[in-house]
Amino acid sequence: MRDLVEIGMGRSARRAYELDDIEIIPSRRTRSSKDVSTSWQIDAYRFDIPLITHPTDAVVSPRTAVAVGELGGLGVINAEGLWARHGDVEDAMFRLTRAAEEDDPLAVTRLLQELHAAPIQADLIAEAIKQVRDSGVTVAVRVSPQRAAELTPDLLAAGVEILVLQGTIVSAEHVARDGEPINLKQFIADLDVPVIAGGVGDYRTAMHLMRTGAAGVIVGYGHSSGVTTTDQVLGIGVPMATAIADAAAARRDYLDETGGRYVHVIADGGVHSSGDIAKSIACGADAVMLGEPLSAATEAPGQGLYWTSAAAHPSVPRSRVTVGAEAEVDLRTLLFGPSSDPDGAVNLFGALKRAMAKTGYSDLKEFQKVGLTVRG
C-alpha cells in the first residue's frame, strides 16, 4: 500500500510529502468565517486558537507567554533556557543582538553556547513561572528528556500546569549502555499534569509515545528553511505532511485500542505561513507549534533574531541564528490581522478561519477531513 521508490538495487525508500507538496480541495459548500471555531482542548485546558509556541528564548519570555495566553494560545517557556540561567536576560539578548550585527553567525552560536553553560537556577525559573501563573493564563514549560527527572519536581512546585517534554527526537524506548534512561510511562503516570511529548516522525514512534500516557505528541523537530540544520548535521529529516498524517493514523488506532482515549497531535516544523497552518490541520494536526513566524512580533524577546533550542547544544548545535526583518507587527495583529501582507505571514489564525469557511467546515475536527491533493 505504501508508495515505495527504488533508490538502488535492493534498497527502496518510502515517498513522503512536505506541506508545500499538498493543497486543500474546496468542498461543495462554503460558510461565513463568523460561524467557524478554531478552539481546541487538551485535558482540562481550553484554547481559542490551535497555537503552541516553540520553546525558544528568541520568541518566548514570561511576558510573551502571558500575551500569547491572553490571545487564546499556549506560550511555552524553556526551563533550560536563558530565563532559567540568567537574572538579566535583557543583557544576554543585547549581547546576542550585537554579535548578530557583526555578521558572524558562528560567533552568535558560540555566545549562545556560553550563555547556556551557566547553571540552571531553580529560583529564576520559578520566578518566570510565577509571572505567567499570576496573570491567570495556562502555565506551560518545556524540559528535555535528559533533565526531566531532575527539573520537574521544582517546576511542578512552581505551578506548571502543562509539561512539554521535548527533544529533537523523543522515543518511548531509549537504549543506554551506562546510566538509567527515563521511563516515560512511569514518569508520566506519576504526574498530576498533562504531558506533551516529542518530536516524532513516524507512525510507530507516535504510537509508542501515546501508549506512555502522553496527552499530546509533537510531530517534527521545529525545522524551518534556513534555520534548523538537523538534516545537514544528523541526516535526519521529517517530511511534515506525511509525518502529521502518520501520527494522526496512530491517534485513530490508539483511540480504538483504548476505547476512547484521544491524544492530540501537535505539528512542529515546516509551518511558515497561514496556509501551512491550514494544511497542518488538514493533515490531521490538532494544533501547530510556531517559532520563526512569531519572531516578527514586537513582543518577541529576540527582536527579529531567531533560533531553536538546539542552537545552544554544547557539541552538536543544529540551528542557525537568523536575522529577520525588524519586528514591526504586534502579536495580536500577527495572529488576527488586519494585514496588508499578501504572503500569509500576518493574520495567521484569521486566515485559518477563512480557509475553513471557504471549504465549508465549522471546527478543527471537521476540517481534518477536508480533501487534499498532491502537486505534480
Requested in this report: Apply side-chain contact (heavy atoms from CB on, under 4.5 Å) to the pair Ile266 and Val217, showing each step before the final yes or no.
Outcome: CA-CA 6 Å; Ile266 317 299; Val217 170; over 6 Å; no
Residue pair [X] / [Y]: nearest heavy atoms and the distance that separates them:
X	Y	answer
Val263	Asp286	O-OD2, 4.2 Å
Leu191	Thr152	CD2-CG2, 3.9 Å
Gly270	Leu19	O-CD1, 3.6 Å
Val60	Trp83	O-CZ3, 3.7 Å

Report task. Assess whether side-chain contact (heavy atoms from CB on, under 4.5 Å) is satisfied between Val143 and Leu165, documenting all intermediate values. Result -> CA-CA 5 Å; Val143 291; Leu165 187 71; 3.8 Å; yes
Requested in this report: Taking atom types as modelled, find out whether Asp35 and Ser32 have a side-chain donor-acceptor pair closer than 3.5 angstrom.
Outcome: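 Per modelled atom types, Asp35 and Ser32 side chains form no pair under 3.5 Å.
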Requested in this report: Would you please say whether a donor-acceptor pair under 3.5 Å links the side chains of Thr97 and Gln303?
Outcome: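 Result is no, nothing qualifies.
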Query raised in the report: Looking at CE of Met289 and CG of Leu51, how far apart are the two atoms once the value is rounded to the nearest 0.5 Å?
Result: 9.5 Å
Query raised in the report: If you measure from CH2 on Trp40 to CG on Asp363, what distance do you get to the nearest 0.5 Å?
Result: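 Nearest 0.5 Å value for the CH2-CG distance: 14.5 Å.
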Query raised in the report: For the residue pair Tyr361 and Phe367, does the interplanar ring angle fall in the parallel (under 30°), tilted (30 to 60°) or perpendicular (over 60°) class?
Result: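 Aromatic pair Tyr361/Phe367 classed perpendicular.
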Does [X] come within less than 4.0 Å of [Y], counting only side-chain N to carboxylate O?
X	Y	value
Lys130	Asp134	yes
Asp20	Arg375	no
Arg98	Glu101	no
Glu257	Arg211	yes
Arg204	Asp246	no

Report task. Show your reasoning for whether side-chain contact (heavy atoms from CB on, under 4.5 Å) applies to Ile42 and Ile196. Result -> CA-CA 10 Å; Ile42 185 164; Ile196 299 173; 3.8 Å; yes
Backbone N or O of [Y] within a donor-acceptor pair of the [X] side chain at under 3.5 Å?
X	Y	answer
Gln368	Ala285	yes
Glu80	Ser144	yes
Arg251	Gly284	yes
Asp276	Ser273	yes
Asp57	Leu82	yes

Query raised in the report: Is there a side-chain contact (heavy atoms from CB on, under 4.5 Å) between Val160 and Arg133 once you walk through the steps?
Result: CA-CA 8 Å; Val160 168; Arg133 188 186 68 234; over 6 Å; no
Per-pair distances, 0.1 Å, donor-acceptor, side chain in residues 343-358, under 3.5 Å, sequence neighbours excluded:
unit_1 : atom_1 : unit_2 : atom_2 : d
Asn347 : OD1    : Gly337 : N      : 3.2
Asn347 : OD1    : Gly350 : N      : 3.3
Lys353 : NZ     : Val36  : O      : 3.3

Query raised in the report: Should Leu255 and Tyr203 be regarded as members of a common hydrophobic cluster, given that ILVMFWY residues are connected when their side-chain heavy atoms come within less than 4.5 Å of each other, either directly or indirectly?
Result: no
Report task. Count the heavy atoms of every other residue, nucleotide or ligand shown that sit under 6.0 Å from CZ of Arg332, and state whether that count exceeds 12. Result ->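 Result for CZ/Arg332: open.
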